[in-house]
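Notes follow the structure.
Computed over heavy atoms, backbone and side chain alike; hydrogens, waters and symmetry mates excluded.
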Amino acid sequence: MRVSMSRSERSPWLLSLLAAVLIGASGGALSFATMTGESIAIRPDEGPVVLHFWATWCPTCVEEMGTLDAITRQCQGNGVRMVAVNVGESTEEVTEFTARHQLELEMLRDPRGKIWRKLSGQGLPLNVIWTREERRVFVGPRST
């Protein structure tokens with residue numbers, strides 16, 4: 001089953017997201033695990049980054065994944081990097097979920113939730129908009 005939203009349902013979220021990114025945390029890199037187990041550092045040096053922390057057991061996270069996937073496709077080529085970061089689940093669980101939902105998002109993992117706790121640790125989904133100038137953290141579902 002592919003999660004999707006109409007263009008009119010995506011527009012407010014997309015506009016809010018892009019406005020926040022363009023308005024503009026500084027700081028060092030954040031290290032995550034790739035789906036192959038390698039370590040990767042993320043930083044906003046090459047452009048704004050949107051990190052969406054999620055888990056397969058979180059109903060609102062699952063709902064947002066379709067929207068995030070659609071926004072990622074719409075934003076291709078504009079310099080904004082969209083990354084879904086799974087918190088605490090195995091590579092197999094994440095791979096099965098993304099295949100079942102036909103998601104093409106860049107997927108990384110925070111296997112022990114270390115980065116998630118560092119940024120907030122107060123709930124999922126957790127959305128982070130990170131530019132060279134600032135880092136904004138939003139806990140809970142985002143639709144606007």
Side-chain angles (χ1 to χ4, degrees), residues 1-44 46-76 78-131 134-144:
M1 174 181 131
R2 185 178 184 94
V3 182
S4 64
M5 298 183 85
S6 72
R7 183 180 202 113
S8 63
E9 292 173 313
R10 286 191 301 260
S11 296
W13 166 247
L14 178 61
L15 292 174
S16 308
L17 176 66
L18 291 178
V21 167
L22 294 173
I23 292 170
S26 52
L30 298 175
S31 294
F32 299 100
T34 66
M35 295 303 292
T36 60
E38 298 169 37
S39 182
I40 185 171
I42 301 284
R43 62 179 62 79
E46 297 174 7
V49 179
V50 176
L51 300 169
H52 176 78
F53 290 80
W54 69 287
T56 61
W57 52 261
C58 168
T60 53
C61 298
V62 173
E63 285 180 36
E64 286 188 350
M65 293 303 281
T67 302
L68 188 62
D69 192 57
I71 291 170
T72 300
R73 291 171 199 214
Q74 290 176 351
C75 291
Q76 284 180 342
N78 74 355
V80 177
R81 184 175 182 182
M82 308 281 278
V83 182
V85 180
N86 180 272
V87 178
E89 296 179 290
S90 72
T91 301
E92 293 78 21
E93 289 172 297
V94 177
T95 301
E96 193 278 328
F97 178 89
T98 57
R100 185 176 60 229
H101 292 280
Q102 301 174 9
L103 299 171
E104 296 179 22
L105 291 162
E106 178 180 0
M107 287 285 169
L108 297 177
R109 294 179 49 247
D110 183 8
R112 293 184 180 91
K114 182 179 171 183
I115 303 298
W116 171 74
R117 279 192 301 282
K118 178 180 175 181
L119 294 171
S120 167
Q122 296 185 6
L124 291 173
L126 175 76
N127 295 289
V128 178
I129 300 171
W130 192 14
T131 69
E134 69 180 333
R135 183 168 43 207
R136 293 182 185 192
V137 177
F138 304 93
V139 179
R142 304 298 297 178
S143 62
T144 57

Taking all non-hydrogen atoms of both residues, which atom of [X] and which atom of [Y] are closest, and how far apart?
X: Gly113; Y: Val87; value: CA-CG1, 3.8 Å
X: Ala55; Y: Val62; value: O-CG2, 4.3 Å
X: Val49; Y: Pro44; value: CG2-CA, 4.0 Å
X: Pro125; Y: Cys61; value: N-SG, 3.5 Å
X: Met107; Y: Thr98; value: CE-CG2, 3.2 Å

Side chain proximity check, Ile129 to Pro48, heavy atoms < 4.5 angstrom: no
Quick one: does Phe32's side chain get under 4.5 Å of Val83's, heavy atoms only? no
May I ask you to check whether over 12 heavy atoms, not counting those of Arg112, lie within 6.0 Å of atom CZ? no
Please answer whether the main-chain N or O of [Y] pairs with a side-chain N or O of [X] as donor and acceptor at a distance below 3.5 Å.
X: Asp110; Y: Ile115; result: yes
X: Glu93; Y: Thr56; result: no
X: Arg135; Y: Val128; result: no
X: Trp116; Y: Gly123; result: yes

Enter the distance from [X]:[atom1] to [Y]:[atom2] here, rounded to the nearest 0.5 Å.
X: Thr34; Y: Ile40; atom1: OG1; atom2: CD1; value: 7.0 Å
X: Asn86; Y: Phe53; atom1: CG; atom2: CZ; value: 10.5 Å
X: Met82; Y: Gln76; atom1: CE; atom2: CD; value: 10.5 Å
X: Leu105; Y: Met65; atom1: CG; atom2: CE; value: 5.0 Å
X: Gln102; Y: Glu104; atom1: CD; atom2: CD; value: 8.5 Å
X: Ser31; Y: Arg43; atom1: OG; atom2: CZ; value: 8.0 Å

Walk me through it: do Val85 and Leu30 pass the test side chain to side chain contact (heavy atoms under 4.5 Å, CB included)? CA-CA 12 Å; Val85 180; Leu30 298 175; over 6 Å; no
For the pair Leu124 and Trp54, evaluate side chain to side chain contact (heavy atoms under 4.5 Å, CB included) and give the outcome as yes or no after the intermediate values. CA-CA 6 Å; Leu124 291 173; Trp54 69 287; 5.7 Å; no
Residues Asn127, Glu64; criterion side chain to side chain contact (heavy atoms under 4.5 Å, CB included); working and verdict: CA-CA 11 Å; Asn127 295 289; Glu64 286 188 350; 3.8 Å; yes
Might you work through the side chain to side chain contact (heavy atoms under 4.5 Å, CB included) test for Glu89 and Arg109, ending with a clear yes or no? CA-CA 8 Å; Glu89 296 179 290; Arg109 294 179 49 247; 6.0 Å; no
Any ion pair linking Arg81 and Glu106 (charged N to carboxylate O, less than 4.0 Å)? yes
